[in-house]
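First comes the structure, then the notes that go with it.
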Amino acid sequence: MDYKAIEKKWQAKWEKDKLHNFDKKNVDKKFYVLEMFSYPSAAKLHVGHWYNYGPTDSYARYKKMKGFEIFQPMGFDAFGLPAENYAIKTGIHPQDSTIKNIELMENTLREMGAMFDWSNEIKTCMPDYYKWTQWLFLQLYKKGLAYRKEAPVNWCPDCQTVLANEQVIQGQCERCHSTVIQKNLTQWFFKITDYAEELLQGLDGLDWPEKTKAMQKNWIGKSVGGEILFRLENGEDEFKVFTTRADTVYGVSYVVLAPEHPLVKKITTKKQQPLVEKYVEDTAKTKEIERLSLDREKTGVFTGAYCINPVNGKKVPIWISDYVLYSYGTGCVMGVPAHDERDYVFAQKYDLPITRVVKGTTGSDNLPYVGDGVLVNSVDYDGLTCEEARKAILCDLAVKNEGGFKVNYRLRDWLVSRQRYWGAPIPVIHCEKCGAVPVPEQDLPVKLPYNVEFKPDGKSPLAKCDEFMNTKCPICGGKATRDPDTLDTFVCSSWYFLRYPDANNSKEPWNKETANKMLPVDKYVGGAEHACMHLLYSRFITKALRDMGYLDFDEPFKSLVHQGVILGPDGNRMSKSRGNVISPDDYVKEYGSDIFRMYLMFGFSYTEGGPWNDGGIKSIAKFLDRVEKIVTTVNGYKNNKVTAFERDEKELNYVRNYTIKSVDRDMEAFSFNTALARLMEYVSAIYKYDTKEVKNVAFMKDCVKDLVLLIAPCAPHFAEELWSIMGNKKSVFLTSYPTFDESALQKDEIELAVQLNSKVKAKIMVPGSADSQEIEKIALSDENVIKALDGKQVKKVIVIKGRLVNIIV
RNA sequence: GCGGAUAUGGCGGAACUGGCAGACGCGCAGGACUUAGAAUCCUGUGGGAGACCGUGCAGGUUCGAUUCCUGUUAUCCGCACCA
């Protein structure tokens, strides 16, 4: 078959017939399949795109044949750093390169032959999209979920931009890998922490990989404990520590403040001042990068000040150390060396007292002891278990107003400002009189100007563009300037799935009724690397929009699948520097897109991925050849002779129904490799039947028809061609998926293994209807079994129907 | 360091709830067709001559373990002192 010719032909026909456009009339049967949209960085699709989109499209086609109305949109996450970096390097404007790249990618995506509904395409860099990204910002602002604060942020000196904590990898910029330093800037934040608890709770109800749920759970990092108030000796100042081990409060021998803690300056004694100031300075300079270091020795400095332990009135020295983070909890910890590894090391180094207050149940006297046990040296609480003591101590402190129960989250607010050009401008105007004023909704979009000097020099590129910056205050009408920053691209991608079903709506971001009908996404497929960022942000935005009344659902993605990673032939991640990059184009040119897609489905476990291997792709070409041959052969049989339904027909019919059952189940579960394995077996079975002299042609034609239908989702153009050769006028994708006949799966005779002391010794044939007693009888009277038994006493016989018989002697 | 995942023939990978390990394919070997080769088709293919041995390693539970439990090693991914 001339794959390339038929692929072109059917793609044109499908497009003409609008086969892939969502039909609103059938919204009750809707099924929203979404693949993560692509970043238009390079002109060509890489294997990763194919691996994400090809097999998932087959899943969508399978669902379509199962009677669902499929909505499978496609678009581009078009803002972002790479286009801007490319522009800095080449001088080509990000808008020009991006639009060109999108066009090229659209073409190759079409050549893939997927069921993308292009009538709802999204490009996040177009004003008709980012207008609504800005609208989203304004809604969050109105709701108090967007706010500004000065914060020490990660600054990438190479990209000249601020990075979110999540984008800093081992102290390095996620994209360019240069070392990240600290800098103070006033930034916009989204208050995702308001939703920490709900984001955590919501995970339980999601059909997501457990691994991903665990990662999000970890990221949110809920920690249940309490706060304890420590007053300074002088009685003037006080601070709270957060602890999960309130039970060990009698063992406190010192407390530690984060060096950045505001109290540090105030309480440090004159004598200690030089040391403390030096330490604070050093910490500020090297902070995160140094703090990330693995084998770093714990350091700290005594402030000279003391506070009072509220439970026993003891004087406790106050230290500072960089192992305490100002951004987590209260920025202070209590040091209990006897029951915490870090505190133990710290106390030993600085010769601080170590007091045991928990006795372990195992009787070991080693310190530090971090396990649970029974309290000692804790006055009234002695004898309580740790858990009882935690409650009792915090309750008692709460009564005295010196502490109480407290839950902490590791999750931090989402920093959305970027000092970058290629992004959606933040819709805020700064007025000297009125402060930060949101742009009125009717003035959206705040358009990104084209003529801008975007070469990095530490200032936002937009800040250098006067025509953009200078404007009037929407409140007082006086002179004002625009916010020079743009939004993190994760903001664009945190709501795109809401826009797709109503992508051409110019009056609102989406119609609420439409959104409520079309969402949530029924199957979302994309890389696991987005587990904690994109997937968490999208959930947050969805929940926030629900609270504002724009949506009636809480979760954007009901069911999630991560495809694996296709590695280079050498088993390493594909990269230009390694020279192990596989180009889909070469294979598609040689074999066509169906064969390439099918190989991706067959050669790997979908969620695992693995190293690329050339050999297998030929086998798929061979397989499709075999399918074509048998289909045309059988189609050519003129006499529709119906012979009796004998043993051979029953046999083939069994394989046929077993195949339908297995392939159906496997497609549903994204187990594409096994689905194709079953189809290969089925083809072999038909070939075998075809060698018979006398054939039931009508039956055989039915078998072949099912074969084409089953293979259609996996090789769409190929199957469509065969389907039309078979004389069908309607598209194969408008035909129902085959169903199986349970009765055909009941075999007259089943082969069972007979084990002797759990070792297989013989095979027996039993009637399909036989019960356990009959099976046992047949097994024990079998010639080979008797021989193997050799007259030994049978103790027990275990019969597992349909599987085996185990005779214990 | 913590958390998660994975480990099965020469290779990619199967095995539903604890029930015949290695489906399907690649590769390899032999055969058919052919002047010859390619292509195609057929047969065989975990190891061992054999009884038997085999799912990273060492134990355990069970009539029975790739599957469950305990310990351990290696690799990959995520997080980075979270109080």
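The structure displayed is predicted, hence computed values, not measured ones. Naming: A, B, ... by sequence-line order, numbering from 1 per chain.
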Can a donor-acceptor pair be found between the side chains of [X] and [Y] at a distance below 3.5 Å?
X	Y	result
A/T607	A/H562	no
A/S223	A/R410	no
A/T674	A/D666	yes

With rounding to whole Å, what would you report as the distance between [N] and [M] at their [atom1] atoms?
N	M	atom1	answer
B/U8	B/A23	C1'	13 Å
B/G22	B/G27	C1'	16 Å
B/G78	B/U55	P	32 Å
B/U40	B/C53	C1'	39 Å
B/C57	B/G13	C1'	23 Å
B/A15	B/U67	P	15 Å
B/C20	B/A65	C1'	14 Å
B/C63	B/C26	C1'	39 Å

For [Y], is there an ion pair with [X] - N to carboxylate O distance below 4.0 angstrom?
X	Y	value
A/R245	A/D340	no
A/R665	A/E668	no
A/E210	A/K213	yes
A/K688	A/E651	no

Within less than 4.0 Å of OP1 or OP2 of [N], is there a side-chain N or O belonging to [X]?
X	N	result
A/N673	B/A14	yes
A/S605	B/A14	yes
A/K759	B/C53	yes
A/Y328	B/A83	yes
A/R342	B/C82	yes
A/R412	B/C82	no

May I ask you to say what [X] touches in the nucleic acid, namely base, sugar-phosphate or nothing, with a heavy-atom cut-off under 4.0 Å?
X	result
A/R665	nothing
A/G603	sugar-phosphate
A/K622	sugar-phosphate
A/E608	nothing
A/Q755	base
A/G609	sugar-phosphate
A/K761	sugar-phosphate

Mark yes or no for whether [X], through its side chain, and [Y], through its backbone, hold a donor-acceptor pair below 3.5 Å.
X	Y	result
A/H339	A/V357	yes
A/Y328	A/N408	no
A/N52	A/Q563	no

Measure distances between side-chain N and O atoms of [X] and base N and O atoms of [N], and say whether any donor-acceptor pair falls under 3.5 Å.
X	N	value
A/K763	B/C20	yes
A/N806	B/C63	yes
A/R678	B/A23	yes

Given [options], the nucleotide with the shortest approach to the side chain of [X]:
X	options	answer
A/T674	B/G19, B/C82, B/A15	B/A15
A/I800	B/G19, B/C20, B/C41	B/G19
A/S758	B/G78, B/G19, B/G64	B/G64
A/V324	B/C24, B/U40, B/A83	B/A83
A/S223	B/C63, B/A83, B/C26	B/A83
A/D322	B/C26, B/C81, B/C20	B/C81
A/F602	B/A23, B/C63, B/G25	B/G25
A/L325	B/A83, B/C26, B/C20	B/A83
A/N218	B/A83, B/G25, B/G3	B/G3

Measure from [atom1] on [X] to [atom2] on [N] and round the result to the nearest Å.
X	N	atom1	atom2	answer
A/Q563	B/C77	CD	P	16 Å
A/K211	B/C77	NZ	C1'	7 Å
A/Y606	B/A14	OH	P	15 Å
A/Y682	B/G25	OH	P	17 Å
A/I808	B/C63	CD1	P	8 Å
A/K217	B/G4	NZ	C1'	13 Å
A/H530	B/G78	NE2	P	12 Å

Item to check | ring-ring contact (aromatic ring centres under 6.0 Å, His included), paired with A/F604, selected from A/F672, A/W50, A/Y599 | outcome: A/Y599
Next on the checklist: Could you write out RNA chain B as dot-bracket? Rules: Watson-Crick or G-U wobble, both distances under 3.5 Å, brackets [ ] for crossings, | for pairs with another strand, dot for unpaired.
Outcome noted: (((((((..(((......[....)))((((((.......))))))((....))..(((((..]....))))))))))))....
Next on the checklist: Need to verify one output field. Residue with the more 5' nearest nucleotide on RNA chain B, A/N408 or A/M215?
Outcome noted: A/M215
Checklist entry - Closest nucleotide of RNA chain B for A/N613 versus for A/K796: which of these residues is on the 5' side? => result A/N613
Next on the checklist: Please classify B/G12 as syn or anti, treating any glycosidic angle within 90° of 0 as syn.
Outcome noted: anti
